[in-house]
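If you're wondering where the values come from, they're calculated on a predicted model, not measured in any experiment.
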Amino acid sequence: MFADNQRISHRQMGRQMILSLLVPILLCLPGTHHILGANGLLGILVNFVLYYFIIILLIRIAPSYQNVPKFIALLYMIPLILTGAYLLATVSRLVCTYLITGVPRWLVGLLILTVCATGSHMGLEKRGRIGEVSCGLVLGGFVLLYVLACFQGNSAYLNNPVQGSFRWEYGLDSTYGIFCALSFLGFLPFLLSKVSKPNSSGTPIFSGVLILGGMLGTALVLSQAVFGWERLIREQFPILPLMAGTNLPGDVLARFDVLWIALVVYGLFFSLGSIFFYGSHIMEKSGLHPLRIWLLLLVYGAAMHPFDRYQIEEWFGRFLMYGITPLIAALTLYVAVCCKGRGKGGTAEK
């Protein structure tokens with residue numbers, strides 16, 4: 001039996017975190033910004049060290065997030081709006097391409113927005129239960145994909161990596177790109193007051209980072225073994241053709257690729273729901289809850305606007321690396337330095 005006590009367990013928190021980040025990371029990182037081969041694996045290892053200390057910092061300053069100034073809360077909306085728009089644009093394009101044809105993209109986007117926004121305020125406990133139950137299924141699905149992809153690989157692509165071979169400048173690019181993808185862990189302090197024993201949350205959070213890094217590292221090796229770096233750097237989402245080429249032995253299921261796409265779409269739905277959940281949660285704690293509708297409108301407008309030159313899918317990588325991540329880092333440092341003692345009760349509950 002689950003208890004409705006306005007709190008979630010460490011396991012629920014960790015699985016929500018994994019489920020929110022897993023699909024966007026696997027979908028978008030391989031092949032981009034030199035996240036290939038040895039450079040990508042180095043970036044993963046370096047980020048393990050970096051985020052070990054960052055997670056300790058986030059837990060220690062979490063009490064200060066319980067009553068942040070309104071202007072800080074509004075600034076935190078910027079990463080959520082841009083990321084939500086990117087996720088909405090991406091998932092609506094995937095749905096229109098692979099699952100539903102002949103339906104206008106703006107209508108598909110509106111339906112997705114409605115579904116994800118409706119579920120975002122169902123309650124922390126319900127969201128925790130959904131994450132706890134479905135995270136294992138999604139992870140298991142990707143593990144099965146990896147096992148099946150092993151039979152497609154060609155060792156020649158790994159023996160002659162070329163651009164996937166180690167270079168310091170590429171390794172730094174890879175490290176920063178992965179750091180940016182994980183920077184949304186900076187929103188966790190807003191939630192830690194609702195986690196049982198928040199001061200001991202470091203182990204499940206870091207375990208989630210290890211799982212995400214392991215899944216990404218495996219995807220980097222397999223995708224290069226299957227495609228080679230020449231094709232890998234040309235694919236926008238390398239995980240999709242990797243899925244398209246796999247099937248169960250004996251062709252047990254027809255159109256097995258549709259099941260993979262459904263898995264990706266579900267993961268993106270959960271990620272988008274996390275954006276709306278954090279936005280609603282932050283605004284509610286800051287007394288800005290009436291502005292919640294503006295979060296939805298801005299996300300939809302940024303994702304579905306008609307100007308082809310400014311499609312967010314093409315620009316989001318730059319936004320993330322040069323705008324969103326530095327902003328999250330600056331806000332975290334500001335809260336750590338300037339908002340000490342503002343938390344309700346002064347310390348997090350033990």
Side-chain angles (χ1 to χ4, degrees), residues 8 13-14 16-22 24-25 28-29 43-44 46-87 124 175-195 198-199 201-213 270-286 295 316-317 319-340 342-343 348:
I8 58 175
M13 176 195 63
Q16 283 188 70
M17 184 192 80
I18 293 170
L19 197 53
S20 296
L21 293 173
L22 178 64
I25 284 176
C28 303
L29 287 191
I44 292 170
V46 172
N47 275 283
F48 284 159
V49 178
L50 292 176
Y51 273 96
Y52 176 81
F53 295 102
I54 290 172
I55 289 167
I56 294 174
L57 172 65
L58 293 176
I59 292 173
R60 289 185 176 179
I61 67 175
S64 301
Y65 281 79
Q66 304 315 307
N67 191 22
V68 297
K70 290 184 179 181
F71 79 94
I72 294 295
L74 289 174
L75 289 175
Y76 266 108
M77 292 301 106
I78 297 174
L80 293 179
I81 290 169
L82 292 175
T83 306
Y86 173 73
L87 292 174
L124 183 62
T175 298
Y176 185 61
I178 297 170
F179 179 86
C180 293
L182 293 172
S183 64
F184 289 91
L185 294 178
F187 285 89
L188 279 178
F190 286 104
L191 192 63
L192 285 178
S193 65
K194 300 294 185 181
V195 177
N199 288 341
S201 299
T203 299
I205 296 174
F206 188 67
S207 297
V209 173
L210 291 176
I211 291 173
L212 291 169
F270 195 90
S271 301
L272 187 57
S274 297
I275 295 292
F276 295 139
F277 169 78
Y278 275 104
S280 179
H281 180 71
I282 293 171
M283 285 189 284
E284 184 176 356
K285 293 183 71 65
S286 305
L295 171 64
F316 181 75
F319 288 152
L320 177 62
M321 296 184 70
Y322 304 116
I324 292 175
T325 298
L327 177 60
I328 293 175
L331 292 174
T332 301
L333 291 176
Y334 178 87
V335 174
V337 174
C338 301
C339 297
K340 275 189 175 182
R342 292 181 62 96

Spacing of [X] atom [atom1] and [Y] atom [atom2] [to the nearest 0.5 Å]:
X      : Y      : atom1 : atom2 : result
Tyr278 : Phe190 : OH    : CZ    : 10.0 Å
Ile324 : Leu82  : CD1   : CG    : 4.5 Å
Leu80  : Phe276 : CG    : CZ    : 9.5 Å

Do Val46 and Phe179 have side chains that approach each other closer than 4.5 Å (heavy atoms only, starting at C-beta)?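 The answer is no, as the side chains (C-beta and beyond) never meet within the 4.5 Å cut-off.
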Sub-4.5 Å side-chain heavy-atom contact between Phe184 and Leu320: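 In short, these two side chains touch, coming nearer than 4.5 Å.
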Donor-acceptor contact present, side-chain Thr325 to main-chain Met321, <3.5 Å: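 Answer holds: no.
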Main chain of Thr175, side chain of Asn47: is a donor-acceptor contact present, judged purely on distance under 3.5 Å?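 Checking the backbone N and O of Thr175 against the side chain of Asn47, a donor-acceptor pair under 3.5 Å is found.
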Might you work through the side chain to side chain contact (heavy atoms under 4.5 Å, CB included) test for Leu185 and Ile54, ending with a clear yes or no? CA-CA 9 Å; Leu185 294 178; Ile54 290 172; over 6 Å; no
Please report the shortest heavy-atom distance between [X] and [Y], naming the atom on each side.
X      : Y      : answer
Gly177 : Leu29  : O-CD2, 4.4 Å
Ile328 : Pro79  : CG1-CG, 4.0 Å
Ile18  : Leu212 : O-CD2, 3.8 Å

From Leu192, Ile56, Thr332, residue fulfilling side chain to side chain contact (heavy atoms under 4.5 Å, CB included) relative to Ile61: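 Testing each of Leu192, Ile56, Thr332 against Ile61, the sole residue satisfying side chain to side chain contact (heavy atoms under 4.5 Å, CB included) is Thr332.
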Run the side chain to side chain contact (heavy atoms under 4.5 Å, CB included) test on Ile205 and Met13 for me, step by step, so that the C-alpha distance in whole Å, both residues' side-chain angles and the decisive distance to 0.1 Å come before the verdict. CA-CA 8 Å; Ile205 296 174; Met13 176 195 63; 3.6 Å; yes
